[in-house]
Amino acid sequence: METVIKQTGKTQAFKDKANKVMGISLEDAKITKSYLSVAFLAILLGGILGLLQGLNRAGMLELPAWLNYYQVLTAHGLLLVVVLSAFFTIGYFYAGLSHTLGGLLPKVRKMAWIGFWMKIFGFVLAVIPILMNEASVMYTFYPPMAASPIFYIGLVFIVLGVWMCAFGAFINVASWRKRNPGQHIPILSFFATGVFVLLFFGSIPVAIEVFTIIPWAFGWVETINVMVARTLFWAFGHTLVNIWYLTAVSAWYVIVPKIIGGRRWNDLLTRIVVIALVIMNITGGFHHQIIDPGISEPVKYMHVFMSLAIGFPSLMTAYAMFAVFERTARKKGGRGLIGWYKKLPWGDVRFLAPFIAMAAFIPAGAGGIVQSTNQLNQVVHNTMWIVGHFHLTLGMSVVMTFFGISYWLIPYVSKRMLTPQINKLGVIQTIIWTLGMIIMSGAMHWVGLLGSPRRTSYSTYFDNATALSWDPYLFFLAIGGTLLMIGVLMQVYAVFYLMFFAPKGNTEFPVADVEEDEAPTPRWTERWGLWIVCMIVLVGMAYVIPLVDFIVNAPPGSPPYKTW
Amino acid sequence: MMKSSVYGLLLLLVLMLPPAADFLESIMITHMHMQMPLLVISGIFMAKFFQNRFTGFFSKWNENGVPGILLFSIILVYWSLPRTMDEALTLTSVEVFKFISLPFLGGVPLRDSWPKLSSFWKHALIIFFTILFLALGWLYIWSPVQLCNNYLVIEQITLGWGFISTAFAMVIYLIYSYFMDFSKYE
């Protein structure tokens with residue numbers, strides 16, 4: 001035992017030294033810095049738009065004629081759901097690949113840059129029609145609402161840019177595996193592989209959807225099959241949700257244990273969680289379509305199982321996280337049934353933010369299970385409840401983890417240090433964000449149960465009494481939104497301060513080690529090809545029945561509508 | 001080890017429950033692509049019990065795995081025919097045969113044979129089933145007539161696409177194992 005500790009101590013010392021001397025290469029750092037800059041600029045812009053929207057929805061702010069509610073809604077969704085999440089995920093995982101696989105290959109670096117500019121180009125193309133009020137179709141851009149074709153062409157470039165980065169990651173991982181026969185892919189790169197597999201396979205359906213929409217938006221074909229398009233959209237939409245989630249989960253498993261001075265959870269179980277999430281994810285799209293017509297009840301019923309199955313690895317994660325916390329705290333002398341929590345580093349934003357993110361996933365996940373259930377979904381489907389739900393999942397569980405990551409990742413890539421002042425700012429930001437999100441998302445959930453619809457600007461419905469009764473809750477929504485805007489400003493300040501102005505120094509990339517006495521992880525976890533085949537089989541099982549039904553029994557189809 | 005046999009038996013019992021069986025048999029594709037594979041899987045789980053109980057039998061009659069896999073293939077091909085599905089729904093004896101043959105003559109020999117087979121036989125089997133699935137997919141999708149009395153043409157087409165998509169996944173697997181040289185990574 002002693003020799004083991006000594007040995008790991010030695011390798012650790014060597015690793016630390018290598019890390020200190022070399023750090024991340026400047027070229028790799030530039031990629032991550034660029035991606036993260038775009039991500040946080042997106043949160044700034046998206047946050048401002050979100051505030052406008054919240055104030056408008058509460059009836060407190062009249063938007064000018066040249067910038068209506070639905071334009072703001074579309075831009076807010078696109079900026080935060082597509083730009084923030086994609087750019088953060090890619091920036092973070094590329095730094096992770098660079099750190100754990102000994103640097104990016106020159107070819108891969110080039111691919112990351114091509115992907116970067118393709119996405120930026122695509123995004124600019126998509127934004128122009130939004131600003132011109134030609135694409136107020138909201139983030140869920142499925143028919144029968146039709147935007148300007150330019151909007152969809154922009155989306156194609158975003159998808160191509162994402163694929164570029166996905167293949168770059170695959171090439172880097174494959175090359176590492178060839179150079180290191182018999183070894184497991186380092187855990188963070190294993191997560192990255194899973195995320196990029198999902199990004200690639202999840203965006204295939206949306207690519208097909210967009211390619212059928214473009215001729216329709218141009219007017220070359222008259223009608224489109226709405227149900228097929230919606231189904232393809234949600235196969236992507238749901239996967240995208242889980243890509244952010246898996247990105248956040250990677251930090252929970254790998255980074256957070258190191259920050260609290262512990263070791264990470266069982267390697268095999270961690271990898272099983274990744275594999276399970278990759279295999280089962282895409283089919284979850286159906287629970288977004290529970291009230292869609294055209295899908296028979298038995299099929300919807302079966303999809304409840306498919307969706308709840310995704311909850312299982314999440315429950316494993318919840319268990320694993322709290323087990324790691326308790327184990328670490330007890331090692332540090334924590335006592336009592338729950339008294340050990342005092343030993344956790346609550347003053348460290350790199351722990352506090354992801355911890356609250358995890359805690360938020362308990363109600364967020366529970367809400368998700370509620371919504372996957374047929375009958376309960378019918379109650380809340382088109383209400384503000386859903387908006388509250390995804391602000392809890394994305395806005396808290398995912399984004400707060402991203403914030404927590406930024407406090408060490410940005411100093412790491414810019415070879416600077418996290419100062420105590422910025423740490424304090426981060427802690428305050430975390431508290432403000434938590435309060436803001438609880439108030440806003442709580443109000444949204446509640447007012448949704450009272451029947452307030454989503455995707456509409458403010459209306460009293462001719463002073464209808466029920467609609468007027470929503471007002472107090474909508475005020476809370478606006479108050480929460482304002483707090484969140486303060487949080488956004490603090491966070492963006494912290495990010496750019498850490499990137500350009502913080503004192504120079506070496507920041508560690510915190511990757512936790514496994515427990516010393518852990519059994520070796522079996523080889524089969526590395527057979528990605530097999531997991532992908534399993535995923536394809538599951539997707540086939542899920543989609544063959546409804547798609548055949550939609551296509552063979554297709555209605556006449558819908559012409560493009562411009563409802564705004 | 002015996003635990004998995006118990007789980008297999010439990011799975012079989014659950015599948016035999018009238019509501020479960022009726023539900024899965026009410027849709028053509030879940031009948032063939034969900035109930036039947038689950039029955040085979042229950043057999044795979046239960047195999048250990050039979051292997052321990054009848055060690056001599058398996059080593060004598062299924063020495064290199066080929067007889068077992070042949071039996072498995074015959075059972076699966078038999079249950080791929082439209083007529084057999086129809087009969088399972090109309091004749092109780094055939095329904096009983098389905099619940100016996102798929103786990104015990106399909107799943108059990110599959111579990112016993114698979115580790116014994118050489119990689120040539122394993123791939124040959126997957127290629128055989130890929131071709132079979134493509135052919136069945138073609139049959140079910142483009143058949144000009146209703147093949148089962150109990151299922152509508154739309155369900156038949158759905159099943160056909162189910163076969164094609166499963167065959168597609170198997171083709172991907174074959175390409176993957178053809179181009180991947182696992183020895184390079186080990």
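Side-chain atoms are counted along with the backbone in the values below, which use heavy atoms only and exclude waters and symmetry mates.
Looking at A/Leu530, the atoms closer than 4.5 Å to chain B (heavy atoms on both sides) sit in the backbone and in the side chain alike. Contacts of B/Ser26 with chain A are absent, with no heavy-atom separation under 4.5 Å from either backbone or side chain. At a 4.5 Å heavy-atom cutoff, the contact between B/Tyr176 and chain A is made by side-chain atoms alone. Using a 4.5 Å cut-off between heavy atoms, A/Trp528 contacts chain B through its backbone alone, with no side-chain atom that close. Proximity to chain A is absent for every atom of B/Met170, based on heavy atoms less than 4.5 angstrom apart.
When atom types are taken as modelled, the side chain of B/His123 and the backbone of B/Ser119 share a donor-acceptor pair closer than 3.5 angstrom.
Residue-environment remark: CZ (B/Phe168) stays at or below the threshold of 12 foreign heavy atoms within 6.0 Å. Counted within 6.0 Å of CZ on B/Phe128, heavy atoms from surrounding residues, nucleotides or ligands total more than 12; the atom is thus considered enclosed. Surrounding CD of A/Glu518 are more than 12 heavy atoms belonging to other residues, nucleotides or ligands, all under 6.0 Å away. More than 12 heavy atoms of other residues, nucleotides or ligands shown are found within 6.0 angstrom of CZ on A/Arg179.
For B/Leu70, there are no side-chain contact (heavy atoms from CB on, under 4.5 Å) partners two or more places apart in sequence or in a different chain.
Per-residue heavy-atom pair counts under 4.5 Å with chain A were compared for B/Ile154, B/Ile29, B/Ile27, B/Thr166, and the maximum is reached by B/Ile154. For the options A/Met541, A/Arg527, A/Glu526, heavy-atom pairs under 4.5 Å to chain B are most numerous at A/Arg527.
How far CG of B/Leu147 is from CG of B/Leu139: 5.0 Å, rounded to the nearest 0.5 Å.
In terms of heavy atoms, A/Phe93 sits closest to A/Leu188 at CE2-O, 3.9 Å.
A donor-acceptor pair shorter than 3.5 Å cannot be found between the side chains of B/Trp121 and B/Ser113.
Among the residues in residues 279-306 of chain A, those with a non-hydrogen atom closer than 4.5 angstrom to a non-hydrogen atom of chain B are A/Pro298, A/Tyr301, A/Met302.
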